Amino acid sequence: MANKVMSVDAIHDLAKTTLMKFGADAENAGAVADTITMAERDGCVSHGLFRLPGYVATLKSGKVNGEARPTVKTLAPAVVQVNGHNCFAPHALKAGRASLIEAAKTCGIAVMPMIGVHHFAALWPDLEEVCDAGLAAFACVNYKPSVIPAGGKKALYGTNPIAFGWPRPGKSPMIFDMATSVMARGEVGVAARDGHPIPEGVGVDADGNPTTDPNEILKGALLAFGGYKGSSISMMVELLSGAMIGESFSYEAAVRDIADGGPPQGGQFIFAINPTLVRGDDGWSEHAEGFFDKIYEQDGTRLPGDRRYQNRAKHLETGVEVSPIILEKIAGL
Ligand code: NDP
């Protein structure tokens, strides 16, 4: 069957009404639908409608409260804590974002620890509005154990994505957003389904031995990118989104998770920096643009995010092609 072309508004509608059908109220459903729609709009298919059945599973199991009202507490002038009270992360983020921006603008830097949330998405949607306010920003989140610490044999870290955004007044911000595992687990699953081997250095089997068999990696674990260096970055994500904010490490999230197919409960760590206050003047933008020009001068380069922004421009004009398999799955929920 051919893909169905859907407008961005139709995707939002489908996501929101589906979530509301399973107990989310308009505010909670709307926030998650925003994130799903942004992913589809920018061509990040694995975090768009594809995730809707997982979100629904978590509403159905009762693990997530679809009527939660996140609370925002200023712990210090530059620390804005959001407690999601078991909501999906996009709703908590929406509740705290304006306070984070305000605090960073005033203090130069501000941190937003998010606790009691369920994260199941890409990180760049969490930063774009913060960067559009003229701030640089960083976000990270842990998950459930799927990556071994360098030298070890057993999964302990999540795939632990990190994202960093840089504001570009008058343009969309530069945001890179990447898992700290060599490959996403979903891609290993696709290779297993299609019967393709996985390149060496991606994962290990259940006994911790290197393998290129995707089925064995799914029973075992992934490796962090860049060997011990990526492993340390993944460890940093655990510390920032776990001990630093009073939330679970990946292994703790797994213990209390009920494996319903949706995201576990955990925390997310975000900070924002006001370059004008840190530098003492407004010259940062022109200075950085000159640097980006130097990157573009070299054939074959691009900035992280450029692929998404190209997709965005195209999809807003032509609509998004959505797989009929996903639409059938959603209809059958
Ligand atoms: P990719 O490896 O596809 O991309 C990582 C980053 O590199 C992107 O910002 C991408 O920009 C950029 N990039 C890719 N190619 C180039 C290039 N040639 N030059 C410059 N920049 C480039 O992402 P991952 O597979 O690592 O992660 C995919 C998503 O999964 C992320 O959004 C991540 O947040 C999410 N994730 C979420 C988890 C969770 O628990 N919530 C867990 C793990 C991952 P562009 O987008 O423009 O291609």
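One-based numbering, in listed order, for ligands and for the atoms of each. Please read all numbers here as calculations on a predicted model, not as lab measurements.
- Using a 30° and 60° split on the angle between ring planes, Phe176 and Phe164 fall in the tilted class, from 30° to 60°.
- No option in His118, Glu247, Lys63, His119 other than Glu247 meets the side chain to side chain donor-acceptor pair (under 3.5 Å) test with Gln265.
- Not one N or O of Asn160 is nearer than 3.5 Å to an N or O of ligand 1, by distance alone.
- Backbone and side-chain nitrogen or oxygen atoms of Val141 are examined, and none is located within less than 3.5 angstrom of a nitrogen or oxygen of ligand 1.
- Relative ring orientation between Phe269 and Phe271 is described as perpendicular, the plane-to-plane angle rising above 60° on a 0-90° scale split at 30° and 60°.
- In this structure, a donor-acceptor pair under 3.5 Å is absent between the side chains of Asp257 and Tyr143.
- Checked by distance only, ligand 1 and Phe176 stay at 3.5 Å or farther apart across all their nitrogen or oxygen atoms.
- Counting only heavy atoms from C-beta outward, the side chains of Ile162 and Ile233 approach each other to under 4.5 Å.
- Considering only non-hydrogen protein atoms, atom 8 (C) of ligand 1 sits nearest to Asp177 O, 3.5 Å.
- Of the heavy atoms in Ala121, only backbone atoms (N, CA, C, O) come closer than 4.0 Å to ligand 1.
- Each of Pro161, Cys44, Pro304 was compared with Trp124 under the side-chain contact (heavy atoms from CB on, under 4.5 Å) criterion, and only Cys44 meets it.
- Checking Asn311, Thr159, Thr301 against atom 43 (C) of ligand 1, the nearest heavy atom belongs to Thr159.
- At a 4.0 Å heavy-atom cut-off, ligand 1 touches His47 through the side chain alone.
- The protein heavy atom nearest to atom 46 (O) of ligand 1 is Arg307 NH2, 3.1 Å.
- Below 3.5 Å of separation, one finds an N or O of His119 facing an N or O of ligand 1.
- Of all the atoms in ligand 1, the ones that sit under 4.0 Å from a non-hydrogen atom of Met178 are 5 (C), 26 (O).
- Checked by distance only, ligand 1 and Tyr143 stay at 3.5 Å or farther apart across all their nitrogen or oxygen atoms.
- For atom 20 (C) of ligand 1, the closest non-hydrogen atom on the protein side is Arg302 O, 3.6 Å.
- Counting protein heavy atoms under 4.0 angstrom from atom 38 (C) of ligand 1 gives one or more.
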